[in-house]
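Note sheet for the following structure.
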Amino acid sequence: MSYTYSNSTLAFNRAQQRIPGGVNSPVRAFKSVGGTPIFMKAGKGTYLTDIDDQSYIDLINSWGPMILGHSHPQVVEAVRKQALQLFSSGTPSELESEMAEQIHAMVPTAELIRLVNSGTEACMSAIRLARGYTGRHKFIKFAGNYHGHADCFLVKAGSGLATFDIEKVPGVTPGVGQDTLIAQYNNLDQVKELVALHPDEIAAIILEPIAGNMGCIPPTSGFLEGLRSVCDEHGIVLIFDEVMTGFRVSAGGAQELYGVEADLCTYGKIIGGGMPIGAFAGKRKIMEHIAPLGSVYQAGTLSGNPLAVTAGRETLRILQENPAFYDQLDQNGQQLKTDLLAIFSEKGMPVSINQVGSMISVHFTEHSVNHYDDSAVCNHDMFKEYFHHMLASGIYLPPSSYESWFFNIQLGDQEIDHILHSTKMFKS
Ligand SMILES: *Cc1c(COP(=O)(O)O)cnc(C)c1O
């Protein structure tokens, strides 16, 4: 069977008339891989169906959230029931406390939790809080780490900016950018140098504890521990951006997986179970500075929205009750890594594959990939060919070599075999 995209092409032409670039988030465009973005209409388990009635093994999973698979019956039923009760009231509801208790049960350092509407909001609020708490202005972020599209983060931000080669974002004023200090990922010495250069000026260090926005790049041994010590020594707030890794790499996220505690952590993606939510959370003594307890202001009309909270709470509950899911995800990830490496090596094609649990990425390079510069020099044209080859065999990879792949618990042997078989058939 060969795939055709006539309905998607029509839909994309229509979308471009009224929507900038035809998409509501740049990473959905196929600009860097070429071709027409595919319009989806349905999802079930580990498969997506497009508007030309063709199905795909989904290796994006809405960029992370759909860890249980699409249209999980229990999540659907919980949302349906809630929809009949209350969409939104702008008052507190008990659902929010249930969600906060659920998060705390899975992430013990999340002593107080504020719900917001996206990962971007979570990260920008966490930075504001760290600044308000310490009375300092600057923060350190790592090249290639993405923390959403708030002004202060749009410096060396990986993800869509790397994909589209956007070096400087018009509209972000120099004043905002100057308080964002950049270090190389996995380079503790550079962090120490920046801290020494700016004594008592650095409010926070924010990072993806496993990077997923320059392909998947895990922390090297000692990196997270080293950051923890630097922060302790200098009164700096350590923020783990767990928007991707939270509830994905383990029930307690990267904090649990690596045994390093953050002061604040941010969430999005999985905690909404496919609906829009974000959260920032952490040590009580810091979180108490948020309004109305303190004067660091942060608010949201739809924050804690009953429908979104219901989808998220149900998703987290299912994950917490099934710890074996994480072993299964990791086994599948390891198998994919091992077998893909063997296939590419047989072909004589140099690749570097990073994998943590259900996050994995194939970089076309003979070097190991430990930071943004490693990722940037990979063979992106080769990825483009691989992407289209896989798409034509019904496998939906993220349309950029700067993105991690995500799979869900519905991915089974049959799908893994198909991914491996299709990779075997790849000829550059
Ligand atoms: C996706 C992502 C964000 C931004 O979340 P949005 O919900 O898209 O605003 C922030 N940080 C990381 C690590 C992400 O992967």
Side-chain angles (χ1 to χ4, degrees), residues 23-29 59-67 114-128 130 139-163 169 180 185 204-219 224 238-249 253-255 257 262 264-281 298 300 302-303 305 308-309 311-312 315 354 356-361 371-372 375 398-400 402-406:
V23 291
N24 278 312
S25 191
V27 293
R28 294 176 199 170
L59 291 178
I60 302 188
N61 279 283
S62 187
W63 305 90
M66 311 315 296
I67 192 168
R114 171 63 57 87
L115 296 178
V116 295
N117 302 292
S118 69
T120 295
E121 249 190 87
C123 294
M124 73 182 208
S125 307
I127 283 292
R128 182 184 305 141
F139 71 91
I140 297 177
K141 82 175 274 295
F142 295 91
N145 276 193
Y146 180 68
H147 305 295
H149 65 90
D151 285 2
C152 64
F153 296 127
L154 291 182
V155 188
K156 302 254 183 235
S159 188
L161 291 96
T163 304
V169 180
T180 306
Y185 197 72
I205 297 176
I206 185 168
L207 81 157
E208 295 179 54
I210 300 159
N213 285 292
M214 44 185 173
C216 172
I217 304 185
L224 299 179
L238 181 60
I239 307 173
F240 276 11
D241 176 350
E242 297 231 44
V243 171
M244 252 184 201
T245 52
F247 313 103
R248 174 160 287 281
V249 295
Q255 293 191 74
L257 190 66
L264 294 177
C265 44
T266 59
Y267 294 104
K269 301 195 168 118
I270 288 178
I271 64 158
M275 297 270 234
I277 316 192
F280 61 102
Q298 189 282 326
L302 288 175
S303 296
N305 172 263
V309 166
T315 300
N354 289 332
V356 182
S358 51
M359 294 172 69
I360 182 167
S361 60
H371 52 67
Y372 180 73
S375 173
S400 163
Y402 288 103
E403 304 286 354
S404 177
W405 315 357
F406 301 100

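Just so you know, ligand 1 is whichever comes first in the structure, and atom 1 is the first atom listed for that ligand.
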Measuring from non-hydrogen atoms of Glu121 to any atom of ligand 1, is the shortest distance under 4.0 Å? no
Atoms of ligand 1 close to Ser118 [distance to a heavy atom under 4.0 angstrom, numbered from 1]: 7 (O), 9 (O)
Asp241 and Thr266: side chain donor to acceptor below 3.5 Å: yes
By side chain to side chain donor-acceptor pair (under 3.5 Å), which residues pair with Ser400, not counting sequence neighbours? Thr163
Check Asn145 against ligand 1 and report side chain, backbone, both or neither, counting heavy atoms closer than 4.0 Å. neither
Among non-hydrogen protein atoms, atom 11 (N) of ligand 1 lies closest to Asp241 OD2, 2.6 Å
For ligand 1, which atoms sit closer than 4.0 Å to a heavy atom of Gly119? 4 (C), 5 (O), 6 (P), 7 (O), 9 (O)
Note, Asn213 side chain near Met244 side chain (heavy atom, < 4.5 Å): yes
Test of understanding: with side chain to side chain donor-acceptor pair (under 3.5 Å), list the residues that count as partners of Ser358, not counting sequence neighbours. Arg248
Donor on one side chain, acceptor on other, Gln298 and Arg114, under 3.5 Å: yes
Can you find a heavy atom in the side chain of Val309 that is under 4.5 Å from one in the side chain of Met275? no
May I ask you to check whether Glu208 has an N/O atom sitting below 3.5 Å from an N/O atom of ligand 1? no
Who's the nearest protein heavy-atom neighbour of atom 3 (C) of ligand 1, and how far? Val243 CG1, 3.7 Å
Would you name the heavy atoms of Cys152 and Val155 that are closest together and state the gap between them? O-CG2, 4.2 Å
Test of understanding: given a 4.0 Å heavy-atom threshold, classify the contact between His149 and ligand 1 as side chain, backbone, both, or neither. neither
For Thr120, which part has a heavy atom under 4.0 Å from ligand 1: side chain, backbone, both, or neither? both
Is it the case that ligand 1 has an N or O less than 3.5 angstrom from some N or O of Tyr146? yes
Distance filter under 4.0 Å to Met244 heavy atoms, resulting ligand 1 atoms: 15 (O)
What protein heavy atom sits nearest atom 1 (C) of ligand 1, and how far away is it? Lys269 NZ, 1.6 Å
Got Ile60 and Pro399 here, is their nearest side-chain heavy-atom distance under 4.5 Å? yes
